[in-house]
Novice: 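One structure, pasted below without further comment.
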Amino acid sequence: MDGRAYVPAIDILSIMRTDLFDFELPEANIALRPVSPRDAARMLVVKPDQPLIDAIVSDLPRFLQPGDQLVVNDTKVIPAQLTGRRIGRETEPKIEATLIKRFDGSRWQALVKPAKKLAQGDVIRFGNEGRVCLLGNLDAQVEHKGENGEVTLSFSFHGPILDQAIADVGAPPLPPYIASRRTPDERDNADYQTMFAVSEGAVAAPTAGLHFTPGLEAALRARGVGLHRVTLHVGAGTFLPVKADDTAEHKMHAEWGTVSVETAAALNEARAKGGRIVAVGTTSLRLLESAAADDGTIKPFTAETAIFITPGYRFKAVDVLMTNFHLPRSTLFMLVSAFSGLETMQQAYAHAIGSGYRFYSYGDASLLFRRST
């Protein structure tokens with residue numbers, strides 16, 4: 001992939017039953033829209049062996065110390081949800097495609113529904129009635145068909161022209177637990193991007209970053225907290241529950257990320273002076289842990305990572321994690337359980353559900369402090 005290295009950083013230190021990470025979540029707790037302003041969302045502060053604290057996101061500066069360093073993900077969500085029809089045969093069934101990985105200037109890997117309606121060589125014409133892109137519609141040929149609905153699409157446009165065509169006919173790929181309950185609309189184009197989004201390539205938002213506002217950033221800087229940017233292009237795998245009975249049987253999707261030389265040096269310098277590394281979102285955490293050496297030193301990093309963090313993992317770089325509330329049986333709930341302890345997180349989630357916290361992408365936040373090892 002463009003000469004980039006691949007780092008199969010898969011950390012599963014013990015086999016655990018997936019059902020340990022299951023819980024019941026009422027539909028009423030699932031957020032369908034974000035709050036406004038963004039930093040008015042609730043925030044549950046979780047410190048191991050201490051009482052839970054109910055706060056709001058704008059309170060974040062008072063829970064951090066001068067010298068702490070926030071790390072945000074500046075990836076930008078592309079309009080990766082495409083709707084079209086198979087053409088060139090007697091019937092033209094509707095096809096829905098979600099772009100998940102770019103191979104080169106004209107080819108993407110995508111998840112399609114219904115996959116059984118497509119065969120290698122078929123052509124899909126994307127574009128909604130009343131909305132056209134460039135010369136008309138956007139065509140793609142099915143170059144390869146894999147398992148579980150994954151196909152390789154070869155588009156009729158290339159490079160920046162293809163990017164513009166996708167932007168014209170595509171829509172934000174809202175998570176299925178939102179899209180199944182309401183129709184995505186124009187509001188989502190803005191709501192589903194963080195204020196840091198500049199590097200196009202994600203098919204899902206790094207949702208902890210959705211809570212930030214310019215005012216909150218200014219308050220953090222006034223507190224003496226630094227802010228740094230990294231990039232991890234979030235993939236569609238972030239939505240998927242773990243279906244295997246044991247965590248060791250689950251295969252993570254690889255995602256591309258980068259930590260610059262300058263960011264790595266600044267974080268290492270701050271940590272040497274006693275500052276804590278505060279990851280905004282599990283994507284930032286996974287990238288920093290992938291870039292960290294065994295002694296905790298953060299190295300410059302440009303590669304794909306498939307790191308899978310479950311209880312038993314030894315954290316090397318991150319001290320505090322700000323994140324949203326995650327799905328049952330998900331790799332992300334496993335990650336937060338590794339970070340603060342499974343029993344602690346079970347208690348925190350039970351409190352959040354009972355107290356009406358809003359879950360998932362447009363939901364509320366939690367501020368987690370790492371359990372001592």
Side-chain angles (χ1 to χ4, degrees), residues 31 34 38-39 41-46 57 60 63-64 68-77 173 175 191-199 201-213 216-217 220 225-240 252-253 255-259 263 267 276-292 298 301 305 307-309 313 315 317-327 330-340 345 348 352 357-370:
R38 294 187 179 202
D39 59 3
R42 299 174 71 185
M43 183 175 71
L44 181 62
V45 181
V46 182
V57 170
L60 179 61
F63 292 103
L64 301 180
D68 287 347
Q69 306 296 312
L70 254 70
V71 181
V72 301
N73 186 358
D74 69 1
T75 190
K76 186 175 184 179
V77 181
D191 287 346
Y192 204 53
Q193 298 282 10
T194 74
M195 61 175 278
F196 309 109
V198 293
S199 181
V203 300
T207 54
L210 295 176
H211 297 295
F212 280 75
T213 65
L216 178 57
E217 180 180 357
L220 287 162
V225 176
L227 191 145
H228 308 272
R229 297 168 183 248
V230 296
T231 304
L232 183 76
H233 291 322
V234 191
T238 191
F239 299 143
L240 301 178
M252 290 286 287
H253 285 75
E255 297 165 316
W256 181 86
T258 184
V259 179
T263 295
L267 294 176
R276 296 174 299 185
I277 305 300
V278 183
V280 176
T282 56
T283 59
S284 297
L285 181 146
R286 293 176 62 246
L287 181 57
L288 291 172
E289 291 295 319
S290 299
I298 298 170
F301 183 93
T305 177
I307 190 170
F308 183 15
I309 296 175
Y313 176 84
F315 288 88
V318 176
D319 304 296
V320 183
L321 170 64
M322 180 181 175
T323 185
N324 283 23
F325 291 95
H326 303 295
L327 282 71
S330 65
T331 61
L332 302 183
F333 184 61
M334 294 174 186
L335 184 154
V336 297
S337 297
F339 194 77
S340 294
M345 293 312 302
Y357 277 75
R358 304 162 75 246
F359 273 58
Y360 304 159
S361 297
Y362 281 154
D364 296 317
S366 61
L367 185 66
L368 311 180
F369 289 76
R370 193 178 72 192

Novice: Taking only residues two or more places apart in sequence or in another chain, which ones pass ring pair (Phe, Tyr, Trp, His ring centres under 6.0 Å) with H233?
Specialist: W256

Novice: Y360: what forms a ring pair (Phe, Tyr, Trp, His ring centres under 6.0 Å) with it, not counting sequence neighbours?
Specialist: Y177

Novice: I'd like to check the side chain to side chain donor-acceptor pair (under 3.5 Å) partners of S199; sequence neighbours left out, ordered by chain and number.
Specialist: none

Novice: Can you sort out the partners of D319 under side chain to side chain donor-acceptor pair (under 3.5 Å), two or more places apart, ordered by chain and number?
Specialist: R271

Novice: Who are the salt bridge (charged side-chain N to carboxylate O under 4.0 Å, His left out) partners of E289, not counting sequence neighbours?
Specialist: none

Novice: Check salt bridge (charged side-chain N to carboxylate O under 4.0 Å, His left out) between R276 and all other residues, then give those that pass, not counting sequence neighbours.
Specialist: D68

Novice: Could you tell me whether the side chains of S284 and N73 share a donor-acceptor contact shorter than 3.5 Å?
Specialist: no

Novice: How would you list, by chain and number, every residue that makes a ring pair (Phe, Tyr, Trp, His ring centres under 6.0 Å) with F196, sequence neighbours excluded?
Specialist: F212

Novice: Does Q69 have any side-chain contact (heavy atoms from CB on, under 4.5 Å) partners at least two apart in sequence or in another chain, and if so, which?
Specialist: H228, L267, A270, I277

Novice: Quick one: side chain to side chain donor-acceptor pair (under 3.5 Å) partners of T263, sequence neighbours excluded?
Specialist: S260

Novice: Not counting sequence neighbours, which residues clear side-chain contact (heavy atoms from CB on, under 4.5 Å) with R358? List them please.
Specialist: A31, V35, D364

Novice: Suppose we screen for side-chain contact (heavy atoms from CB on, under 4.5 Å). Which residues come up paired with A348, at least two apart in sequence or across chains?
Specialist: L44, V46, L52, M345

Novice: Apply ring pair (Phe, Tyr, Trp, His ring centres under 6.0 Å) to F359 and list each qualifying residue two or more places apart in sequence or on a separate chain.
Specialist: F325, Y349

